[in-house]
Number of protein chains: 2
Amino acid sequence: MSRIIVDPFDVVPKYYQLADIIRQKVERGEWSPSQPIPSERQLETLYNVSRTTIRQALAMLIRQGLLYHEQGKGTFVSPQKLQKGILELTSFSEDMRSRGLVPGQVILDLSTVEPPAKVAQHLELKPDVQRVLRIERIRLGDGKPIGLQVSYLALGESQTITREELENRGSLYALIQEKFHIIPSAADETLEVTVAGPREASLLQVAEGSPLLLSERTLWSQARRAIEFVSILYRGDRYRYYIRLTR
Amino acid sequence: MSRIIVDPFDVVPKYYQLADIIRQKVERGEWSPSQPIPSERQLETLYNVSRTTIRQALAMLIRQGLLYHEQGKGTFVSPQKLQKGILELTSFSEDMRSRGLVPGQVILDLSTVEPPAKVAQHLELKPDVQRVLRIERIRLGDGKPIGLQVSYLALGESQTITREELENRGSLYALIQEKFHIIPSAADETLEVTVAGPREASLLQVAEGSPLLLSERTLWSQARRAIEFVSILYRGDRYRYYIRLTR
DNA sequence: CAGTGGTCTAGACCACCGG
DNA sequence: CGGTGGTCTAGACCACTGT
């Protein structure tokens with residue numbers, strides 16, 4: 001068995017390398033749920049890093065739900081059920097994949113528009129100053145309609161996205177991260193119940209008046225600038241929203 | 001103006017005291033949104049604590065959304081909009097209060113029962129071994145019905161809750177924390193759309209077939225034991241679910 | 001360049017838990 | 001009692017930012 005160690009010359013921080021090592025130990029079953037992992041002082045000598053660094057790695061894994069502390073006893077691996085589905089800012093694509101469905105899309109619109117008042121407000125745009133990118137898509141899971149998504153993006157003057165790029169990548173967030181180095185870091189989301197109007201009914205292939213789940217989300221960059229306002233109308237019979245809350 | 005300092009003899013950890021001080025500075029407007037707060041080295045001398053302790057306090061406030069770092073520039077106060085509504089495991093009562101409504105309840109049932117199969121599964125109970133506490137309540141906001149809540153609690157043999165206790169406190173989580181020292185620390189929650197049957201319609205005072213928002217939640221203790229499985233049927237016209245996501 | 005946060009070290013003392 | 005995590009110190013070097 002190959003010894004896995006922390007490389008002090010790697011550009012990746014030690015606490016991050018260490019967290020990866022521990023995650024692998026758990027995934028391979030070397031350290032089991034409800035069992036204690038080695039103590040922080042043991043980990044110090046095992047990986048030749050200071051306790052502060054150890055604790056930084058553990059804090060990360062605890063926040064992600066993989067481990068938990070018990071005072072005076074040790075650090076333990078979480079039960080299987082609690083290891084997965086960590087709170088994430090999931091894109092629709094990631095969301096579908098995590099449910100075992102193949103994500104897909106039909107792009108209905110991709111254009112630059114003047115933002116509606118509600119959108120301008122959520123994106124905190126100055127009136128009549130800025131135009132935004134509007135993307136409307138039918139979202140598919142295993143080829144069947146799941147939701148109707150309308151996204152408004154507040155990009156810079158010279159920044160834009162083409163239909164081809166969006167079709168090739170599928171995931172909008174992957175695209176803006178790669179192209180513009182914008183990393184989503186927080187979001188406000190509301191969920192409520194509504195019913196299908198004629199247009200939604202036809203696009204989602206449900207009867208008019210069918211119950212739908214409406215999600216509205218404002219997305220923020222690391223520097224706390226509003227990037228996107230997106231609404232998704234989910235078919236009530238094909239979608240269940242899932243979230244992991246941690247304190 | 002009174003000088004606020006960190007008391008090294010307090011039982012409250014310094015980083016926690018410091019976080020409170022900083023939170024107050026922001027709330028009082030001494031430090032403003034989008035403005036940098038003093039640098040970590042300045043805070044060291046200001047409050048006479050080490051930089052590690054400073055960073056521990058800042059990390060807490062950043063996780064809560066009050067502050068954010070910008071590399072090479074400083075630490076900043078988040079815009080107002082991002083300061084409130086921090087991700088929490090809110091109880092219904094806390095939830096209502098944060099919306100400016102007075103929480104209320106009508107207790108329909110409080111009894112010890114054999115758990116239904118679905119509940120036993122979510123609470124990970126051994127078959128036929130354990131009885132659980134069932135609480136059914138109509139939940140009110142400003143006196144009007146908002147939701148129908150059914151809660152199943154997996155308590156110890158000698159642990160129980162009386163109607164009086166529940167009526168007096170209102171908040172179940174406050175009660176179990178105080179009485180049994182059980183602190184909720186994580187939850188899995190799903191949200192989906194459904195329609196009112198005859199019983200729900202009558203209790204929530206809506207027409208049969210009205211769209212409802214169904215929340216189902218499993219709550220976990222610090223030691224990763226399942227404590228509660230709770231479902232809430234919200235009136236679609238009176239409730240909007242809100243969540244803050246952070247990475 | 002000087003100032004910022006990002007990472008890391010090698011210690012220390014404490015409260016809590018089990019035998 | 002010895003072992004655990006919880007807190008805290010006083011340093012250090014780094015990469016990134018602005019001027």
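Sequence lines set the chain letters: A, B, ... in the order given, protein chains first and strands last, and positions in each chain run from 1.
For the 3.5 Å distance criterion, the side chains of Tyr47(B) and Gln42(B) fail to qualify, holding no donor opposite an acceptor. Of the N and O atoms on the side chains of Ser50(A) and Glu44(A), not one donor lies less than 3.5 Å from an acceptor on the other residue. In summary, the side chains of Thr75(A) and Glu40(A) do not present any donor paired with an acceptor at a separation below 3.5 Å, with no hydrogens or angles considered. Judged purely by distance below 3.5 Å, without hydrogens or angles, the side chains of Glu228(B) and Tyr173(B) pair a donor atom with an acceptor atom. In the model, Asp95(A) has no side-chain atom that pairs as donor or acceptor with a side-chain atom of Tyr242(A) under 3.5 Å.
Among the protein residues, Thr52(A) comes within range of the nucleic acid bases, having at least one heavy atom under 4.0 Å from a base atom.
Taking 4.0 Å as the cutoff to heavy atoms of chain A, we find the contact window on DNA chain D bounded by dG3(D) to dT7(D).
Arg163(B) contributes a side-chain N or O that, together with a main-chain N or O of Ile107(B), makes up a donor-acceptor pair within less than 3.5 Å.
Residues of residues 67-76 of chain A that place a heavy atom closer than 4.0 Å to DNA chain D, in numerical order, are His69(A), Gly72(A), Lys73(A), Gly74(A), Thr75(A).
Rounded to whole angstrom, the span from the CD atom of Glu44(B) across to the C1' atom of dT4(C) amounts to 13 Å.
Between Ile37(B) and Arg41(A), the one whose closest nucleotide on DNA chain C sits nearer the 5' end is Ile37(B).
A distance of 11.5 Å separates OH in Tyr15(B) from CG in Asp20(B), rounded to the nearest 0.5 Å.
Considering only heavy atoms from C-beta on, Gln105(B) stays 4.5 Å or farther from Gln149(B) through its side chain.
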